[in-house]
Peer 1: 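The structure follows.
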Amino acid sequence: QVQLVESGGGLVQAGGSLRLSCAASGRAFVTYAMGWFRQAPGKGREFVAAIRSAGITYYANSVKGRFTISRDNNKNAMYLQMNSLKPEDTAVYYCAANTGGSVYLSREYDYWGQGTQVTVSS
């Protein structure tokens with residue numbers, strides 16, 4: 001069992017930056033692939049980025065070059081550095097833990113946080 005808690009969301013102007021954090025409980029954190037998803041009002045949950053336990057990273061095309069995912073296995077934590085934010089990045093951001101399967105698909109994730117709101121004003 002893993003419990004995930006996101007933090008770091010907020011309101012920022014376009015072009016600004018935010019850093020999201022995801023704190024995980026449980027000793028098995030190092031074995032999980034971890035991901036960030038987002039959901040804007042009226043839209044489905046969208047893959048943003050993922051990172052495997054060994055550090056291999058994956059990004060959605062829409063955030064590549066602007067967002068950076070990282071993790072600290074010693075601290076049971078994952079991060080998402082978001083730069084050059086755009087209004088279309090506005091969404092609730094969720095962190096999730098994956099015990100197997102594709103890191104791109106939300107249905108392959110077993111544990112989810114409660115989400116943190118990111119709002120980018122134009």
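Counting begins at 1 with the first residue of the sequence. Side chains are part of it too, since the values below use all heavy atoms of this structure and drop only hydrogens, waters and symmetry mates.
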Peer 1: How far apart are the closest heavy atoms of Val118 and Gly9, and which atoms are they?
Peer 2: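 Looking at all heavy atoms of both residues, the shortest contact is CG2-CA, 4.1 Å.
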Peer 1: Any idea which heavy atoms bring Asn98 and Val103 closest together, and the distance?
Peer 2: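 What the structure gives for the nearest pair is ND2-CA, 3.9 Å.
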Peer 1: With hydrophobic residues grouped by side-chain heavy-atom distances under 4.5 Å, do Leu4 and Phe47 end up in a single group?
Peer 2: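 Not linked; separate clusters.
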Peer 1: A side-chain contact here means heavy atoms from C-beta on lying under 4.5 Å apart; do Tyr58 and Ile51 qualify?
Peer 2: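 A side-chain contact under 4.5 Å is absent here.
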Peer 1: Do Val48 and Val12 share a hydrophobic cluster, counting only Ile, Leu, Val, Met, Phe, Trp and Tyr and linking them when any side-chain heavy atoms are less than 4.5 Å apart?
Peer 2: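 Per the 4.5 Å side-chain linkage, Val48 and Val12 are co-clustered.
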Peer 1: Tyr109 vs Phe37 aromatic rings, parallel, tilted or perpendicular, using cut-offs 30° and 60°?
Peer 2: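 Ring orientation, 0 to 90° scale: perpendicular.
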Peer 1: Just checking, Arg71 and Phe29: is the charged tip under 6.0 Å from the six-membered ring centre and within 45° of the axis?
Peer 2: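 Geometry flag: set, cation within 6.0 Å and 45°.
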Peer 1: Where do Tyr32 and Val2 come nearest, in terms of heavy atoms and distance?
Peer 2: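 Residues Tyr32 and Val2, closest heavy atoms: CE1-CG2, 2.8 Å.
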Peer 1: Rounded to the nearest 0.5 Å, what's the gap from NZ on Lys86 to OG on Ser122? Could you check?
Peer 2: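 Nearest 0.5 Å value for the NZ-OG distance: 14.0 Å.
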Peer 1: Once you round to the nearest 0.5 Å, how far does CG of Leu80 lie from OG1 of Thr116?
Peer 2: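 Atom-to-atom, Leu80:CG and Thr116:OG1 are 11.0 Å apart.
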Peer 1: What about the rings of Phe67 and Tyr59, do their centers lie closer together than 6.0 Å?
Peer 2: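 No; Tyr59 has its ring centre 6.0 Å or more from that of Phe67.
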Peer 1: Parallel, tilted or perpendicular: which describes the rings of Trp112 and Tyr94, with under 30° parallel and over 60° perpendicular?
Peer 2: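 Answer is perpendicular, since the angle exceeds 60°.
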Peer 1: Rounded to the nearest 0.5 Å, how far apart are CD1 of Ile69 and CD of Gln81?
Peer 2: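 It comes to 12.5 Å.
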Peer 1: Would you say Glu6's side chain and Gln114's backbone share a donor-acceptor pair under 3.5 angstrom?
Peer 2: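 Yes: the side chain of Glu6 pairs with the backbone of Gln114.
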Peer 1: Are the side chain of Ser25 and the backbone N or O of Gln3 linked by a donor-acceptor pair below 3.5 Å?
Peer 2: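 The answer is yes, because a donor-acceptor pair under 3.5 Å joins these two groups.
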Peer 1: Flag the pair Tyr79 / Thr68 as yes when at least one side-chain heavy-atom distance between them is below 4.5 Å, and no otherwise.
Peer 2: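 Sidechains of Thr68 and Tyr79: no contact.
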Peer 1: What I'd like to find out is whether the side chain of Met82 reaches to under 4.5 Å of the side chain of Arg66, using heavy atoms alone.
Peer 2: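 No; the side chains remain at least 4.5 Å from each other.
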Peer 1: Return the CD to CG distance between Gln1 and Asp110, rounded to the nearest 0.5 Å.
Peer 2: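 Nearest 0.5 Å value for the CD-CG distance: 10.0 Å.
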Peer 1: What I'd like to find out is whether the side chain of Arg38 reaches to under 4.5 Å of the side chain of Ser62, using heavy atoms alone.
Peer 2: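 Yes, close enough: below the 4.5 Å cut-off.
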Peer 1: Can you tell if the side chain of Thr90 reaches within under 4.5 Å of the side chain of Gln117, non-hydrogen atoms only?
Peer 2: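 When only atoms from C-beta onward are counted, Gln117 and Thr90 do touch, with a gap below 4.5 Å.
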Peer 1: Taking Tyr104 as the starting point, is it possible to reach Ile56 by hopping between hydrophobic residues whose side chains are less than 4.5 Å apart?
Peer 2: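 Same hydrophobic cluster.
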Peer 1: Testing the basics here: between Gly101 and Glu108, what is the closest heavy-atom pair and its distance to 0.1 Å?
Peer 2: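 Closest heavy-atom pair between Gly101 and Glu108: CA-OE1, 3.8 Å.
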Peer 1: Of all the heavy-atom pairs spanning Asn83 and Ser17, show the shortest one and how long it is.
Peer 2: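 For Asn83 versus Ser17, the nearest heavy atoms are OD1-OG, 2.9 Å.
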